[in-house]
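Just so we're clear, the structure is a prediction, and the values are computed from it rather than from any experiment. Counting convention: from 1, in listed order, for ligands and their atoms alike.
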Amino acid sequence: MTPSSFSTHDVLNQSPPFWDVDLFAADLPLVEAVVANGGAAALAELSEFGKHWGSAAMAERGRLANENTPKLRTFDARGVRRDEVEFHPAYHELMARSAHAGLHNSTWNAEGKPAGGAAEVVRAAKFYMAAGVETGHLCPVTMTRAAVAALAAQPDLLVETMPVIATRAYDPSFAPWPTKRGMMLGMGMTEKQGGTDVRSNMTRAERDGSAYRITGHKWFMSAPMCDAFLVLAQAEEGLTCFFMPRFRPDGSVNAIHFQRLKDKLGNRSNASSEVEFAESHGRRIGDEGKGIKTIIQMVQLTRQDCAIASAGLMRSGLAHALHHARHRSVFQKHLADQPLMRAVLSDMALHVEASIALVMRLCRAFDKACGDAAEAAYVRLLTPAIKYWVCKSAPGFLFEAMECLGGNGYVEEGILARHYRESPVNAIWEGSGNVMCLDVLRALSRDGEAAAAVLRKLAEQAKGLPGAAEAVAYVGNAFRRPDAERAARFAVERLALLAAAAALNEVSPRHAELFAVTRLSANHATMYGAVDLAPDDVRGLLDRALP
Ligand SMILES: Cc1cc2nc3c(=O)[nH]c(=O)nc-3n(C[C@H](O)[C@H](O)[C@H](O)COP(=O)(O)OP(=O)(O)OC[C@H]3O[C@@H](n4cnc5c(N)ncnc54)[C@H](O)[C@@H]3O)c2cc1C
């Protein structure tokens with residue numbers, strides 16, 4: 001007997017860890033979606049990223065960063081305020097790797113303008129793979145990337161900050177941002193009395209020379225060790241967006257007082273604080289009274305990232321489930337060869353195929369939106385619809401993925417329990433489900449013509465797919481109804497399904513047809529696997545999902 005083995009048994013019939021894989025090459029639907037949306041030139045770079053993030057070392061960092069949660073150090077040993085949050089070294093490693101790959105800035109050029117080309121698509125592919133390994137640390141990464149869109153409303157501040165934002169260095173030191181090698185940005189909008197209704201913000205901003213003194217609270221402010229936050233507060237002219245750095249211009253620590261960290265269902269590697277501002281120093285971004293208009297530029301991008309991350313979580317769930325099913329035998333046969341398990345896994349694979357095609361199509365629209373009004377209209381109408389559908393489908397999907405692993409799926413040592421706990425937050429923050437539906441209605445009412453053109457284009461791209469024409473007609477009428485708000489969830493879901501079928505049709509027409517048959521022409525059954533796919537289609541879907 002070796003010292004490491006038990007005296008009574010050998011370990012048999014357990015799947016090996018899903019490690020040391022190229023997360024890109026092993027994901028044909030992702031590769032094809034990247035190519036179809038303009039990212040073909042980045043295949044080698046994405047494969048490098050996929051190998052790195054698919055390594056056992058990165059998986060271990062993800063585990064450690066979640067098991068060793070951040071700690072708030074409000075005061076030092078002598079009672080002096082510190083307001084620092086300590087993270088495990090594994091979290092810092094994850095941050096450094098994401099920053100090194102440009103996940104926090106690669107869609108911008110050095111001046112803070114859109115990078116162009118397929119920058120959005122390429123970054124999204126990386127973000128999706130990273131989300132499947134560790135999602136919590138991506139919160140400050142996504143906020144930093146998105147904040148640049150709001151900083152554009154204050155060109156002098158953008159010029160000052162971009163040289164630090166645009167580096168690929170991660171610098172966790174607690175120091176004034178102008179002195180650092182790289183910086184991260186967070187966001188403070190939500191107060192106790194309202195997160196959706198930010199107009200109810202009570203935090204006040206008073207002029208102090210060319211800057212402001214900000215007093216009030218935020219009920220949620222994530223990633224508190226960011227170097228600065230974009231904060232909403234009431235100024236003389238109304239709700240205004242501010243840049244609030246951790247240090248004042250004279251080098252003293254700004255009065256950003258963390259009260260406690262939230263005890264969250266998931267998203268454990270990330271810290272989310274409750275915070276008080278006591279005449280904290282802030283600089284205005286954009287005009288007074290235009291706070292929502294300014295910060296919505298940022299929120300549009302964080303919504304996009306919520307959808308990408310949820311798709312990445314589902315992909316990771318599918319890959320782990322399929323990998324396990326190919327190794328685990330029950331009744332002398334691998335699970336992956338049992339017809340009923342194949343029905344479940346292939347139906348899940350179809351959902352992921354559509355999700356990744358859809359988010360990559362959205363990212364292509366972000367890439368082109370600057371010079372193409374039709375793509376800008378696609379972004380405006382479909383970002384909330386896609387966030388709604390992709391993010392809200394993730395918890396149910398991950399539950400099914402977890403069940404494919406049986407009891408092992410439910411245990412914290414595996415990644416699926418963590419993914420499952422993580423998944424609801426993407427639907428809740430950055431605008432919850434109903435809020436996304438209302439935002440689709442707003443896009444329609446503000447520019448109905450542009451939205452109608454998007455719908456016509458979707459009809460063209462989905463032409464011939466089962467149920468597509470009916471979905472187009474339904475969506476067109478539903479939003480014209482006087483009670484459109486009441487019916488908005490059904491209409492927004494159909495819009496997202498139609499957009500998914502159209503996007504998938506550009507990548508893989510056969511799978512678009514399967515998606516349309518099972519989701520557009522008929523309502524999908526409540527459970528995965530309760531669809532009647534032909535054996536060849538089942539095989540095709542599973543081979544593509546994990547060669
Ligand atoms: C882990 C975590 C981290 C967070 N980090 C941050 C952060 O860094 N910065 C920040 O500013 N915020 C942050 N938030 C807050 C988050 O953005 C809000 O919780 C979210 O916007 C919802 O706001 P609320 O909690 O006030 O809920 P409410 O606004 O009260 O909404 C409650 C429910 O009502 C629904 N609803 C709202 N309006 C309507 C309507 N008109 N019709 C029908 N239904 C409606 C919503 O969809 C939601 O389901 C974080 C939240 C979480 C969970």
Ligand 1: protein residues within heavy-atom distance under 4.0 Å: M187, G188, M189, T190, G194, G195, T196, F220, M221, S222, K264, S272, V425, I428, W429, E430, S432, N434, V435, L438
By side-chain contact (heavy atoms from CB on, under 4.5 Å) - contacts of E93 (at least two apart): R61, R97
Sequence-distant partners of E206, side-chain contact (heavy atoms from CB on, under 4.5 Å), two or more places apart: R204
Within 45° cone and under 6.0 Å: K126 NZ/CZ vs W53 ring: no
ring-ring contact (aromatic ring centres under 6.0 Å, His included) contacts touching residues 411-431 (sequence neighbours left out): none
Donor on one side chain, acceptor on other, D250 and S252, under 3.5 Å: yes
T302-E430 side chain donor-acceptor pair, cut-off 3.5 Å: yes
